[in-house]
K.L.:
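So that we are looking at the same thing, I have put the structure below in structure tokens.
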Amino acid sequence: MIKITLPDGSIKEYNEAVSGYQIAVDISPRLAKEVLSITVNEEVWDLQRLITNDSSIKLHKWDDEEGKHAFWHSSAHLMAEALEAMYPGIKLGIGPSIENGFYYDVDLPEGKVITDSDFPKIEAKMKELAQQKNEYNRSEVPKAEAMDFYSKKDDEYKVELINDLEDGTITFYKQGNFTDLCKGPHLQNTGLIKAIKILSVAGAYWRGDETRKQLTRVYGITFPKQKMLEEYLVLLEEAKKRDHRKIGRELELFAFSQRVGQGLPLWLPKGAQLRERLENFLKKIQKQHGYQQVIAPHIGLKDLWVTSGHYEKYGKDSFQPINTPAEGEEFLLKPMNCPHHCEIYKVKQHSYKDLPIRYAEFGTVYRYEQSGELHGLTRVRGFTQDDAHIFCRPDQLKDEFKKVMDIVFIIFNALDFKDFTAQVSLRHQTDHSKYIGSDENWEKSENAILEAVKEKDLNYVVEYDEAAFYGPKLDFMVKDALGRQWQLGTIQVDYNLPERFDLEYVGSDNQKHRPVMIHRAPFGSMERFVAVLIEHTAGKFPLWLTPEQAVILPISEKYNDYAKKVLNFLNNYDIRTLIDDRNEKIGKKIRDN
RNA sequence: GCCGAUGUAGCUCAGUUGGUCAGAGCAGCUGAUUUGUAAUCAGCAGGUCGGGGGUUCGAAUCCGUCCAUCGGCUCCA
């Protein structure tokens, strides 16, 4: 007798091994039609796999991540099958499901490339194969046999993957004539995949390693219904319309110039106004929260960055030192504001009573991002951080975190980012070798963050091994109007710089102590934030931010004088107003404004 | 930086196999119209077809190269 426990606690009993699909059928035929995968004791399984022991299960439909995952993962196999048929001799890397769809990394035969024009052919082949309703069959394979299979196919990528796997854990999935190394889970058959779209093709290094061969990555997405694909394509169109690069140009907010250099945004008058209003808004809040504005130059002696450690870690890949007429004198463009702020901290002695000290600056920094990585305002080589550094005592960490979070919430609220989550990035759970600072301090600060997040009742996820080498951090992700995730604000603890700059304060015990430093930027950078804001609002900014709050449209020249009176009236109330006194019809004026 | 794609007027795009192919619409300028809610009329001006090479009698069109942009990869203090 096998006992199957459902999520609601009810129990079904079976006399012999039973598949997830059978359980679904027993619950309701409708469910059986929609179910895609099953979680059996925390492990996601195929529906057709037999459950032989007492288990608790959960069935997944399209709406569950697990259901989509199985669907798209199976689609990746389907695409691989199509590609293998179309490009004999093709070698396969990995083909996972991703947030929106799936991809497969392939090594094409000599001289072959895949371009956009091949997409319809791939889609057609996939559809043909899908209609055969081939079953996805799971089989456990001994390591030697798996090796043998891929050695014969001369697929060094799969061989490498198998090498890293333990004997006894290796499974193959086969549908139609296609067999793939895979741990699953998969759909029952290919027939469920009704709507198919190949989205793009790109190069991707094998295992993300720049020194290894670049494979061809083919991206696609599939749906159980044609209508869902159409809706998705509409969403993509909408995202295209909201592209901040397009809207930024149309609204004359910012521009780029090849003569100035790539990745170096030029803020046009309207964009500069918008940004200034955001900055003033934040300045006001920061003042209320005990911040002091400071201003530092855009360059610093190389030694400053040697001291901070940035030179050693990033020097090679950064803008190179600026030489001066003086022999051996070198300056670096600042890639961060913190070293300057550390020096500001050091100008005078601090008592424990002075802390926390909060220095804020809209500091423009320069980082030499790789050319292929530049993207509109979201990825640039010169940008302005809404930066601040908080120097505090270890016992003040939690409170300071909570205060910074308050600022972040004020901003998100004011700008209508309703849906956001936080990611707490902590050390690797066991291997602490790469981190600077004592275990004791790390534990303190990690706990401080976790407690702060809990006390603020925040939606959050914890990620291990995502902390910086110098301290744990808390990042904020917002979902925009189209449901896309963006990482915005960040709060980071830093034990490294106070050490390197030998920062201290005098404690109540009359001894010198090391302060803890917090880096924080609620917007992240002005450039990135404005980009996200544009895409979130489609360029229709809240009234308090928008460059033109009102436009007066005189019906003819006769009324221009009156229009000016109205203009003065509105301007007196600080309402940003323009007159459209062009010699145009009123309909056109309305259209244009 | 790497892979792939793209690059024609400020913007959006035509330009078939190399031979009046340098075009259109919008925007701009000039003039007319003096207007009541999504395109008023007429005219003008705009481009070494991304740059610089090569092939050819002849290149926007073909080939290599550089630059930039786009989609990814990698990285992100």
Side-chain angles (χ1 to χ4, degrees), chain A residues 93 98 103 105-108 112-119 198-219 236 239-240 243 245-246 249-252 255-264 305 308-318 332 334-339 363 365-376 378-381 383 385 387 436 466-471 473 475 487 490 492 494 496-497 500 517 519 521 524-525 528 553-560 580-593:
Chain A
I98 52 178
Y103 66 79
D105 283 346
V106 299
D107 189 5
L108 291 164
K112 296 273 185 193
V113 287
I114 294 177
T115 65
D116 307 13
S117 55
D118 299 314
F119 294 176
I198 303 298
L199 294 170
S200 65
V201 59
Y205 298 104
W206 172 233
R207 302 195 130 179
D209 185 342
E210 212 169 322
T211 63
R212 308 199 60 181
K213 184 159 182 186
Q214 191 159 41
L215 307 180
T216 302
R217 176 169 296 177
V218 186
Y219 287 88
L236 284 188
K240 226 173 161 180
D243 192 316
R245 294 166 296 189
K246 179 171 138 70
R249 186 172 55 223
E250 286 167 359
L251 298 185
E252 296 178 14
F256 291 90
S257 150
Q258 294 192 22
R259 206 167 265 136
V260 172
Q262 39 173 176
L264 299 170
W305 308 100
S308 71
H310 292 118
Y311 185 78
E312 193 196 342
K313 202 158 167 33
Y314 299 103
K316 279 200 310 294
D317 304 316
S318 299
L332 288 176
K334 67 175 177 187
M336 296 215 62
N337 302 300
C338 23
V365 298
Y366 302 89
R367 300 178 184 178
Y368 190 80
E369 303 293 351
Q370 297 189 86
S371 63
E373 192 49 41
L374 300 170
H375 180 91
T378 60
R379 210 46 204 264
V380 287
R381 284 178 172 167
F383 57 97
Q385 296 178 311
D387 214 356
I436 181 167
E466 285 291 318
F469 73 93
Y470 50 81
K473 63 178 176 177
D475 293 317
Q487 198 214 300
T490 178
Q492 311 188 358
D494 188 342
N496 181 42
L497 288 180
R500 283 178 168 271
M517 196 170 162
H519 309 251
S525 87
R528 192 179 162 75
L553 312 180
I555 197 71
S556 92
E557 275 171 19
K558 282 186 264 178
Y559 307 110
N560 281 353
D580 185 349
D581 58 3
R582 292 176 306 163
N583 181 9
E584 295 290 355
K585 285 182 74 166
I586 195 70
K588 183 170 178 60
K589 290 184 183 184
I590 292 168
R591 224 167 31 245
D592 289 353
N593 288 291

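A, B, ... follow the sequence lines: proteins, then strands. Residue 1 opens every chain.
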K.L.:
Could you tell me the separation between the OH atom of A/Tyr470 and the CD atom of A/Gln492, rounded to the nearest 0.5 Å?
P.N.:
3.5 Å
K.L.:
Please work out whether B/G43 sits syn or anti, treating a glycosidic angle within 90° of 0 as syn.
P.N.:
anti
K.L.:
Of the listed nucleotides (B/C11, B/G36, B/U74), which one gets closest to any side-chain atom of A/Arg249?
P.N.:
B/C11
K.L.:
Scan nucleotides 64-68 of chain B against the protein and return all N/O pairs shorter than 3.5 Å with their distances rounded to 0.1 Å.
P.N.:
unit_1	atom_1	unit_2	atom_2	d
B/A68	OP1	A/Gln262	OE1	2.8
B/A68	O2'	A/Gln258	NE2	3.2

K.L.:
Of all the heavy-atom pairs spanning A/Ser308 and A/Asn496, show the shortest one and how long it is.
P.N.:
O-ND2, 4.0 Å
K.L.:
Calculate, to the nearest 0.5 Å, the distance between atoms OH and CD1 belonging to A/Tyr103 and A/Ile198 respectively.
P.N.:
15.0 Å
K.L.:
Is B/A5 paired to anything, Watson-Crick or G-U wobble with both distances less than 3.5 Å, and if yes, which nucleotide?
P.N.:
B/U69
K.L.:
I'd like to know if A/Gln214 reaches the base of B/C2 with its side chain such that a donor and an acceptor end up less than 3.5 angstrom apart.
P.N.:
yes
K.L.:
Between B/G18 and B/G54, how far apart are the two C1' atoms, rounded to whole Å?
P.N.:
15 Å
K.L.:
For the C1' atoms, the ones on B/U48 and on B/G7, what distance do you get once it is rounded to whole angstrom?
P.N.:
16 Å
K.L.:
Using only atom types and a distance under 3.5 Å, with no angle test, would you say the side chain of A/Arg212 pairs donor to acceptor with the backbone of A/Tyr205?
P.N.:
no
K.L.:
So for atom OH, which belongs to A/Tyr559, do other residues, nucleotides or ligands contribute more than 12 heavy atoms lying within a distance under 6.0 Å?
P.N.:
no
K.L.:
Take the protein atom NZ of A/Lys240 and the nucleotide atom P of B/U12, then report the distance between them rounded to whole Å.
P.N.:
12 Å
K.L.:
Using side-chain contact (heavy atoms from CB on, under 4.5 Å), reason through A/Asp107 and A/Trp206 one step at a time and then give a plain yes or no.
P.N.:
CA-CA 9 Å; A/Asp107 189 5; A/Trp206 172 233; over 6 Å; no
K.L.:
Once rounded to the nearest 0.5 Å, what's the spacing between atom CD1 of A/Ile114 and atom OG1 of A/Thr216?
P.N.:
6.0 Å
K.L.:
When you measure from the side chain of A/Ile586, which nucleotide among B/G72, B/C75, B/U37 comes out closest?
P.N.:
B/U37
K.L.:
Between A/Arg217 (CZ) and B/G4 (P), how many Å, whole number?
P.N.:
16 Å
K.L.:
Got a donor-acceptor pair under 3.5 Å from the side chain of A/Glu373 to the base of B/C73?
P.N.:
yes
K.L.:
Measuring from A/His310:NE2 to A/Arg500:CZ, what's the distance to the nearest 0.5 Å?
P.N.:
8.5 Å
K.L.:
Checking side-chain contact (heavy atoms from CB on, under 4.5 Å) for the pair A/Val365/A/Phe383: CA distance, chi angles, key distance, verdict?
P.N.:
CA-CA 6 Å; A/Val365 298; A/Phe383 57 97; 3.6 Å; yes
K.L.:
Can you check the distance between B/A38 and B/G51, where both ends of the measurement are the P atom (answer in whole Å)?
P.N.:
43 Å
K.L.:
Distance check, P atoms only: B/U30 and B/G46, in whole angstrom units.
P.N.:
16 Å
K.L.:
Measure from the side-chain N and O atoms of A/Arg381 to the backbone N and O of A/Leu374, and report whether any donor-acceptor pair falls under 3.5 Å.
P.N.:
no
K.L.:
For A/Ala202, report the nucleic acid contact type (base, sugar-phosphate, nothing); a contact means any heavy atom under 4.0 Å.
P.N.:
base
K.L.:
Rounding to the closest angstrom, what is the interatomic distance between B/G1 and B/A39 at atom C1'?
P.N.:
48 Å
K.L.:
Counting heavy atoms from C-beta on, name the nucleotide in B/C73, B/C76, B/C70 closest to the side chain of A/Arg245.
P.N.:
B/C70
K.L.:
How far, in whole Å, is B/G25 from B/G64 if one measures between their P atoms?
P.N.:
36 Å
K.L.:
What's the OH-P distance between A/Tyr470 and B/C76, to the nearest Å?
P.N.:
11 Å
K.L.:
In terms of the nearest nucleotide of RNA chain B, which residue is placed more toward the 5' end: A/Gln370 or A/Gly376?
P.N.:
A/Gly376
K.L.:
Now, which nucleotide makes the Watson-Crick or G-U wobble pair with B/A59, with each of the two distances under 3.5 Å?
P.N.:
none
K.L.:
Specify the separation, in whole Å, of atom CZ of A/Arg379 and atom P of B/G72.
P.N.:
13 Å
K.L.:
Taking atom P of B/U40 as reference, at what distance in whole Å does atom CD1 of A/Ile555 sit?
P.N.:
13 Å
K.L.:
To the nearest 0.5 Å, what is the distance between CG (A/Asp317) and OH (A/Tyr368)?
P.N.:
10.0 Å
K.L.:
Return the polar atom pairs (N/O with N/O) between nucleotides 48-52 of chain B and the protein under 3.5 Å, or none.
P.N.:
none

K.L.:
To the closest 0.5 Å, what do you measure between NZ (A/Lys240) and NZ (A/Lys246)?
P.N.:
9.5 Å
K.L.:
For nucleotides 25-30 of chain B, print each protein N/O atom paired with a nucleotide N/O atom at under 3.5 Å, atom names and distance only.
P.N.:
unit_1	atom_1	unit_2	atom_2	d
B/A27	OP1	A/Lys588	NZ	2.7

K.L.:
For the C1' atoms, the ones on B/C73 and on B/G58, what distance do you get once it is rounded to whole angstrom?
P.N.:
43 Å
K.L.:
Considering only heavy atoms from C-beta outward, does the side chain of A/Lys473 approach that of A/Glu466 to under 4.5 Å?
P.N.:
no
K.L.:
For A/Lys313 and B/C75, give me the distance from atom NZ to atom P, rounded to whole Å.
P.N.:
12 Å
K.L.:
At under 4.0 Å between heavy atoms, what does A/Ser308 touch on the DNA or RNA strands: base, sugar-phosphate, or nothing?
P.N.:
nothing
K.L.:
Could you tell me the Watson-Crick or G-U partner of B/A27, where both distances fall under 3.5 Å? Say none if there is no partner.
P.N.:
none
K.L.:
Base, sugar-phosphate alone, or nothing: which one does A/Phe469 contact when heavy atoms must sit under 4.0 Å apart?
P.N.:
nothing
K.L.:
Name the closest nucleotide to the A/Tyr205 side chain, picking from B/G36, B/C2, B/C76.
P.N.:
B/C2
K.L.:
Applying a 3.5 Å limit to both distances, which nucleotide forms a Watson-Crick or G-U wobble pair with B/U37?
P.N.:
none
K.L.:
Less than 4.5 Å apart, side chain to side chain, heavy atoms only: is that true for A/Val201 and A/Asp118?
P.N.:
no
K.L.:
Round to the nearest Å and state the distance from A/Asp105 atom CG to B/C73 atom P.
P.N.:
10 Å
K.L.:
Provide the distance between the two C1' atoms, one in B/G53 and one in B/C67, to the nearest whole Å.
P.N.:
14 Å
K.L.:
To the nearest angstrom, how far is A/Leu553 atom CG from B/A38 atom C1'?
P.N.:
13 Å
K.L.:
Give a yes/no answer on whether the side chain of A/His375 brings an N or O atom under 4.0 Å of OP1 or OP2 in B/G71.
P.N.:
yes
K.L.:
If you draw a 6.0 Å radius around CD in A/Glu312, do more than 12 non-hydrogen atoms from other residues or ligands fall strictly inside?
P.N.:
no
K.L.:
Should A/Tyr219 be listed as having a side-chain N or O under 4.0 Å from OP1 or OP2 of B/C73?
P.N.:
yes
